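Throughout, residue positions are numbered sequentially from 1 according to the sequence presented. Every value quoted in this text rests on a predicted model; they were computed, and no experiment measured them.
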Amino acid sequence: MTLRQIYTWIAISIGIVVLAIVGTTSWYTVDESEQAVILTFGEAEESITNPGLHFKMPWPIQEKQKLSKETFSLNFGYNQGQEDKGKANQVQMITGDENIVLADLVVQWKITEPAQYLYQSAQPELVLNNATSASLRQIIGTSKIDDALTSGKAEIENEVRELLVSLVEDYNIGISVIDVKLQEVDLPNSEVRTAFTKVTDARETMNTKINEAKKYKNEKYEEALGEKDAIISRAEGAKVARIEEAKGDVAQFDALYTEYENSPTVTENRLVIEALEDVLPQANVYIMNDESNTVKYLPIGNSQVQSMPQQQTQKQEQEGGSNNE
């Protein structure tokens with residue numbers, strides 16, 4: 001075999017290898033659960049999210065990197081069911097009122113920017129884990145232990161989610177936080193749990209007593225309001241009665257004044273007599289006339305007129321004696 005033939009075979013072999021490389025690296029498929037990043041001379045250019053068959057420049061001009069589109073879960077915290085008690089030290093947190101608690105958090109996330117996920121950070125999942133730790137510790141550190149262990153979990157969960165989303169967006173690691181679930185917040189040991197339970201029971205008893213006192217206060221307050229309304233109602237009734245009585249007195253006085261204008265003397269005498277009857281209700285009232293020798297009087301309230309003065313009696317006796325003679 002001549003030298004020319006050797007070069008020819010070498011060129012043919014190289015061509016076959018190049019064609020094989022071009023044929024095998026110029027096309028690729030993307031599944032529905034995947035997304036791909038195209039690299040041109042090592043620089044990320046675009047992301048492919050549509051499933052199907054796709055073409056690109058052969059290697060080494062362009063390369064592809066496939067990533068999953070599924071939702072991942074990051075478990076942060078200490079689960080009491082775990083046997084490794086040493087992990088509890090990693091998630092111990094101090095609340096705003098200086099108490100130690102353990103927290104268990106689950107973060108659901110997915111890759112939304114494949115190029116940033118691959119090349120913005122060497123360990124994006126570690127960055128997410130640190131951001132989760134910082135967010136949870138910051139929110140727990142501003143919360144009270146009662147809120148963290150009881151009714152405040154939902155609010156703490158929402159605040160952690162908002163803070164974590166903000167941090168992940170600032171880091172630009174191509175990750176989006178889908179949801180945050182605060183699984184459990186607990187005390188570090190059984191002794192602390194027992195003491196906290198006693199404190200909680202005492203607080204519940206206190207709240208019960210306070211509610212009972214408020215109930216008693218409201219009942220008495222309502223009774224006082226009802227009594228006040230009754231007093232006001234009686235006062236309004238007395239006011240109306242006094243006004244009507246005053247109106248009647250005014251009408252009576254007007255009528256009396258009219259009669260007085262018509263006959264002043266008669267009216268004056270009647271008023272005097274009525275005044276005497278009011279002042280001396282048990283006294284006998286007499287109307288007397290002493291213009292003649294015989295004093296005549298009229299006892300009001302008796303059925304006949306009597307004359308009993310001593311002079312009249314003596315005169316009658318003298319007149320009777322002379323007649324007899």
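Paired with Ile145 under the rule side chain to side chain contact (heavy atoms under 4.5 Å, CB included), one option of Ile100, Val185, Asn99, Ile94 passes, and it is Asn99.
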Run the numbers on Leu102 and Gln92 for side-chain contact (heavy atoms from CB on, under 4.5 Å), then give the verdict. CA-CA 5 Å; Leu102 305 177; Gln92 287 185 352; 3.4 Å; yes
Take Leu187 and Leu149 through the test side-chain contact (heavy atoms from CB on, under 4.5 Å) and record every step on the way to the result. CA-CA 9 Å; Leu187 296 168; Leu149 294 176; 3.9 Å; yes
Please evaluate residues Leu136 and Leu182 with respect to the criterion side-chain contact (heavy atoms from CB on, under 4.5 Å), reporting the C-alpha separation (whole Å), side-chain torsions for both, the decisive distance (0.1 Å), and the verdict. CA-CA 10 Å; Leu136 182 58; Leu182 187 62; 4.3 Å; yes
Steps toward side-chain contact (heavy atoms from CB on, under 4.5 Å) verdict (Ile38, Lys64): CA-CA 5 Å; Ile38 303 301; Lys64 71 176 185 304; 4.2 Å; yes
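A pairwise comparison of heavy atoms in Thr112 and Ser176 identifies OG1-OG, 2.9 Å as the closest pair. Looking at every heavy atom in both residues, Lys110 comes nearest to Lys69 through CE-O, 3.4 Å. In terms of heavy-atom proximity, Leu118 sits nearest to Gln65 at CD1-CB, 3.7 Å. The minimum heavy-atom distance linking Val127 with Ser121 is given by the pair CG2-OG, 3.5 Å. When all heavy atoms are compared, the tightest approach of Ala103 to Met93 is CB-CE, 3.9 Å. The two residues Ile140 and Ala148 make their nearest non-hydrogen contact at CD1-CB, 4.4 Å.
Between the CD1 atom in Ile139 and the CD atom in Glu155 there is a gap of 9.5 Å [rounded to 0.5 Å]. In this structure, CD1 on Ile156 lies 9.5 Å from OG on Ser151, to the nearest 0.5 angstrom. The distance from the CD atom of Glu244 to the CG atom of Asp249 is 11.5 Å, given to the nearest 0.5 Å. Atoms NZ and OG, from Lys228 and Ser233 in turn, are 12.5 Å apart once rounded to the nearest 0.5 Å. Of the inter-residue distances, the one linking Thr142 atom OG1 with Glu159 atom CD reads 6.0 Å to the nearest 0.5 angstrom. For the atom pair Asp229 CG and Arg234 CZ, the distance stands at 11.0 Å (nearest 0.5 Å).
Using a cut-off of 4.0 Å between Lys/Arg side-chain N and Asp/Glu carboxylate O, Glu212 and Lys215 are scored as not salt-bridged. With salt bridges taken as basic N to acidic carboxylate O contacts below 4.0 Å, one links Arg161 and Glu157.
Atom NZ of Lys144 is surrounded by 12 or fewer heavy atoms from other residues, nucleotides or ligands within 6.0 Å. Within a 6.0 Å radius of CD in Glu227, no more than 12 heavy atoms belonging to other residues, nucleotides or ligands are found. For Phe72, the CZ atom counts as densely surrounded, since its 6.0 Å shell holds more than 12 non-hydrogen atoms of other residues, nucleotides or ligands. In the displayed structure, Gln183 atom CD is contacted under 6.0 Å by more than 12 heavy atoms of other residues, nucleotides or ligands. Counting heavy atoms of neighbouring residues, nucleotides and ligands inside a 6.0 Å radius, atom CD of Glu219 exceeds 12 of them.
Put simply, the side chain of Thr208 gets close to the backbone of Glu204: a donor and an acceptor are under 3.5 Å apart. Formation of a donor-acceptor pair under 3.5 Å by the Ser166 side chain with backbone atoms of Glu162 is not found in this model. Using a distance-only test at 3.5 Å, with no hydrogens or angles considered, a donor-acceptor pair links the side chain of Asn211 to the main chain of Asn207.
Hydrophobic clustering keeps Val180 apart from Ile178 (ILVMFWY residues linked when any side-chain heavy atoms are closer than 4.5 Å, directly or through intermediates). Follow the hydrophobic side-chain contacts under 4.5 Å out from Val106 and you never reach Leu167; the two are in separate clusters. Taking hydrophobic clusters as Ile, Leu, Val, Met, Phe, Trp and Tyr residues chained together by side-chain heavy-atom distances below 4.5 Å, Leu128 shares a cluster with Val165.
Under the 4.5 Å side-chain criterion, counting only non-hydrogen atoms from C-beta, Trp109 is in contact with Leu74.
No side-chain N or O of Tyr117 forms a donor-acceptor pair with one of Glu113 less than 3.5 Å apart.
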